[in-house]
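What follows is a single structure, written as structure tokens, with notes after it.
Here, residue 1 is the first one in the sequence, and each next residue gets the next number. When a ligand or atom number is given, it counts from 1 through the structure's own listing order.
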Amino acid sequence: MTVHVKPIRWGILGTGGIAHKFAQGLQWAPGAVLAAVGSRDPSTADAFAREFNVPHAYGSYSELAQSPEVDVIYVSTPHFFHYENSLLCLENGKAVLCEKAFTINAREAQAVIDYARQKGLFVMEAMWTRFLPVAVRLRRMVAEGLLGELHSLAARFTFRADYNPQGRLFNPALGGGALLDVGVYPIAWAAMLFGEPTEIHGIAHLSGQGVDERATMLLGYAGGQTASLFASLTTVSPDRSTLMGSQGYLTLHGRLAHPTRITLSLKNKPDEELDVSFEGNGYQFEALHVMECLRQGKLESEIMSLDETLSIMRTMDQLRQQMGVFYPGETA
Ligand SMILES: NC(=O)c1ccc[n+]([C@@H]2O[C@H](COP(=O)([O-])OP(=O)(O)OC[C@H]3O[C@@H](n4cnc5c(N)ncnc54)[C@H](OP(=O)(O)O)[C@@H]3O)[C@@H](O)[C@H]2O)c1
């Protein structure tokens with residue numbers, strides 16, 4: 001039996017590394033039509049369109065935002081531009097899936113969210129991890145109380161990037177730094193499990209350009225839980241994170257953006273390996289969720305809610321304040 005779902009027409013804004021991966025991911029999302037791409041440069045848009053067989057290629061972001069050929073736009077530019085790019089799409093009546101970090105700070109995030117709510121348009125942070133089978137499984141185990149009372153998350157996300165002072169990872173003008181690029185993942189896992197922290201401590205080692213190359217975060221929650229988190233652009237570390245409770249713990253193996261397996265270690269029981277594998281590159285799950293929300297006429301996701309995105313941005317603002325990391329236009 002063939003199931004017919006209403007096709008949803010995607011536009012991709014920006015043609016960098018993650019835009020390519022998202023375009024590949026859409027190939028595993030039934031009902032997704034990659035209808036258009038927009039780049040600052042017409043020849044780059046054309047090249048992307050050829051690579052992914054996209055019918056409409058635009059040489060500016062505003063032409064993409066105005067296009068009658070798309071329902072929803074995936075914003076995949078460096079963080080510093082998420083605010084203006086998301087607003088541009090919303091102003092032109094398009095739903096938005098915007099890459100993490102959602103914006104540079106909570107003030108910008110609030111403005112985007114307020115505008116989307118005022119216009120009655122869907123917007124969501126592209127926290128793709130949340131929609132992977134590993135996160136679905138973990139949420140279910142926690143809801144079933146498998147670990148007992150949750151006590152603490154020890155999580156990290158590090159990699160060693162080639163130093164490029166102009167590139168988006170280290171350049172303050174592009175929103176550089178470990179916290180917004182990779183720290184957002186452990187913070188989002190902690191937010192999903194424990195809510196918004198009531199106590200926040202951050203220490204960072206800053207680069208010569210004044211962004212956090214590596215950062216340690218300690219968070220405390222009203223429910224008595226704690227999180228100790230580490231994010232770095234210059235460190236090699238074991239890709240393992242642990243969620244601990246009164247009856248056992250879970251180990252997430254692999255990069256925290258997309259853990260590849262879970263080990264469940266319960267008190268007085270042998271360890272159990274849980275299979276959370278899937279086909280495709282993983283980006284299809286967030287796309288499928290967005291399409292389901294749009295078909296149901298929802299204005300926001302219940303799994304990655306806008307209040308949670310705001311809470312994550314507030315946490316990162318406070319951490320950056322303590323670390324002494326400020327972006328152009330922000331004051332200490
Ligand atoms: N979900 C994930 O797994 C994941 C992974 C990596 C990155 N990300 C997020 O995705 C966003 C983009 O990351 P990326 O690694 O794809 O970056 P990237 O490779 O540097 O590409 C960014 C794209 O943004 C556009 N852009 C607009 N203004 C720009 C400027 N002033 N400088 C550079 N590029 C500019 C460019 O597209 P045009 O030239 O076509 O306009 C560029 O190709 C970031 O927010 C990052 O956090 C998410």
Q) Could you give all pairs that pass the side chain to side chain donor-acceptor pair (under 3.5 Å) test and reach residues 119-135, with sequence neighbours left out? A) E125-T309, W128-Y185, R130-E308
Q: Run through the side-chain heavy atoms of Ile, Leu, Val, Met, Phe, Trp and Tyr, join any pair under 4.5 Å, and report what else lands in V136's cluster.
A: none
Q | Check ion pair R261-D271 (N to O, under 4.0 angstrom) | A | no
(Q) Between the side chains of E330 and R107, is the shortest nitrogen-to-carboxylate-oxygen separation below 4.0 Å, so that they form an ion pair? (A) no
Q: Identify, chain by chain and in numerical order, each protein residue with a heavy atom under 4.0 Å from an atom of ligand 1.
A: G14, T15, G16, G17, I18, S39, R40, Y61, S76, T77, P78, H79, F81, H82, E99, K100, W128, R168, L174, D181, Y185, Y283
With a 3.5 Å cut-off and sequence neighbours excluded, list the donor-acceptor pairs that the side chains of residues 12-34 form with protein atoms.
residue: H20; atom: ND1; partner: G16; partner atom: O; Å: 2.8
residue: H20; atom: NE2; partner: E51; partner atom: OE1; Å: 3.2

Q.
Between R156 and D239 (salt bridge meaning N to carboxylate O under 4.0 Å), is one present in this structure?
A. no
